[in-house]
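I have a structure here, written as structure tokens, and I will follow up with some questions on it.
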Amino acid sequence: VDGQLRIFGKGGRTRIIPAHPALAAEIVARPPGYLFPSRGSHLTAGNVSVTLKRLLGPGWSAHTLRHRFASRAYAVERDLRAVQEVLGHSKPETTMRYTAVPTGAKQAAVMGVALTI
């Protein structure tokens with residue numbers, strides 16, 4: 001791992017995304033092979049969904065976790081295109097549905113316009 005993850009997504013698409021340094025260190029420390037093995041193969045989307053739902057508890061799923069990640073990632077830099085690429089969406093409109101407006105962003109927008117008038 002050179003600080004990046006290769007993600008194999010829907011439709012056979014592959015994308016490269018940055019890995020958090022703590023995650024990269026954990027991956028490097030593991031023996032070679034599949035990171036998440038499943039009966040001698042790779043972990044499937046179905047396996048991930050079931051496992052996450054069990055680990056996260058009521059009200060959470062892989063999908064809700066993805067929405068939470070998107071909203072928090074967007075709140076950091078307010079860069080919708082960066083979040084779009086990490087999530088692997090082909091359209092920014094899709095990413096917009098995943099992200100929440102950060103706390104205080106509407107107030108900041110109004111105050112920014114008010115100061116320039």
Side-chain angles (χ1 to χ4, degrees):
V1 174
D2 58 356
Q4 298 180 335
L5 294 175
R6 183 182 320 233
I7 305 294
F8 301 101
K10 284 192 213 174
R13 292 184 302 170
T14 301
R15 65 187 185 280
I16 306 296
I17 62 168
H20 190 281
L23 176 60
E26 289 289 330
I27 292 170
V28 168
R30 295 182 56 93
Y34 287 113
L35 186 58
F36 301 106
S38 177
R39 296 186 185 166
S41 181
H42 63 85
L43 194 60
T44 66
N47 296 120
V48 171
S49 182
V50 169
T51 302
L52 281 175
K53 205 164 197 150
R54 180 175 44 82
L55 292 172
L56 295 172
W60 286 93
S61 66
H63 195 71
T64 56
L65 190 62
R66 193 166 159 86
H67 276 273
R68 173 67 63 94
F69 169 81
S71 292
R72 291 203 173 174
Y74 178 69
V76 172
E77 292 288 331
R78 306 247 167 84
D79 186 341
L80 191 67
R81 285 282 298 127
V83 177
Q84 177 187 348
E85 288 194 15
V86 170
L87 292 180
H89 292 152
S90 57
K91 298 179 183 177
E93 294 84 1
T94 305
T95 308
M96 288 171 62
R97 289 194 300 266
Y98 274 75
T99 56
V101 175
T103 303
K106 291 186 277 186
Q107 179 71 25
V110 169
M111 294 307 292
V113 170
L115 295 175
T116 61
I117 296 178

List the atom pairs, donor and acceptor, that lie under 3.5 Å between side-chain atoms in residues 49-58 and the rest of the protein, sequence neighbours left out.
unit_1: T51; atom_1: OG1; unit_2: N47; atom_2: O; d: 2.8

**Study point:** Enclosure of R66 CZ (heavy-atom neighbours >12, cutoff 6.0 Å)
**Key:** yes
**Study point:** Contacts of A100 that satisfy side chain to side chain contact (heavy atoms under 4.5 Å, CB included) - sequence neighbours left out
**Key:** S71
Exercise for review: Return each pair, listed once, that meets ring-ring contact (aromatic ring centres under 6.0 Å, His included) where at least one residue sits in residues 72-93; pairs must be two or more places apart or across chains.
Suggested key: H89-Y98
Check your understanding: Which residues satisfy the side chain to side chain contact (heavy atoms under 4.5 Å, CB included) test with R81, sequence neighbours excluded?
Key -> D79, Q84, E85
If you look only at distance, which donor and acceptor atoms sit under 3.5 Å apart when one is on a side chain in residues 13-27 and the other is two or more places apart or in another chain?
unit_1: R13; atom_1: NH2; unit_2: G88; atom_2: O; d: 3.1
unit_1: R15; atom_1: NE; unit_2: V86; atom_2: O; d: 3.0
unit_1: R15; atom_1: NH2; unit_2: V86; atom_2: O; d: 3.2
unit_1: R15; atom_1: NH2; unit_2: L87; atom_2: O; d: 3.3
unit_1: H20; atom_1: ND1; unit_2: A22; atom_2: N; d: 3.1

Exercise for review: Spell out, yes or no, whether L80 and V101 are grouped together once hydrophobic residues are joined by side-chain heavy atoms under 4.5 Å, including indirect joins.
Suggested key: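 No; tracing contacts between hydrophobic side chains, which count when under 4.5 Å, never links both residues.
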Review point. What residues form a side chain to side chain contact (heavy atoms under 4.5 Å, CB included) with K91, not counting sequence neighbours?
Key: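 Side chain to side chain contact (heavy atoms under 4.5 Å, CB included) check on K91 returns E93, T94.
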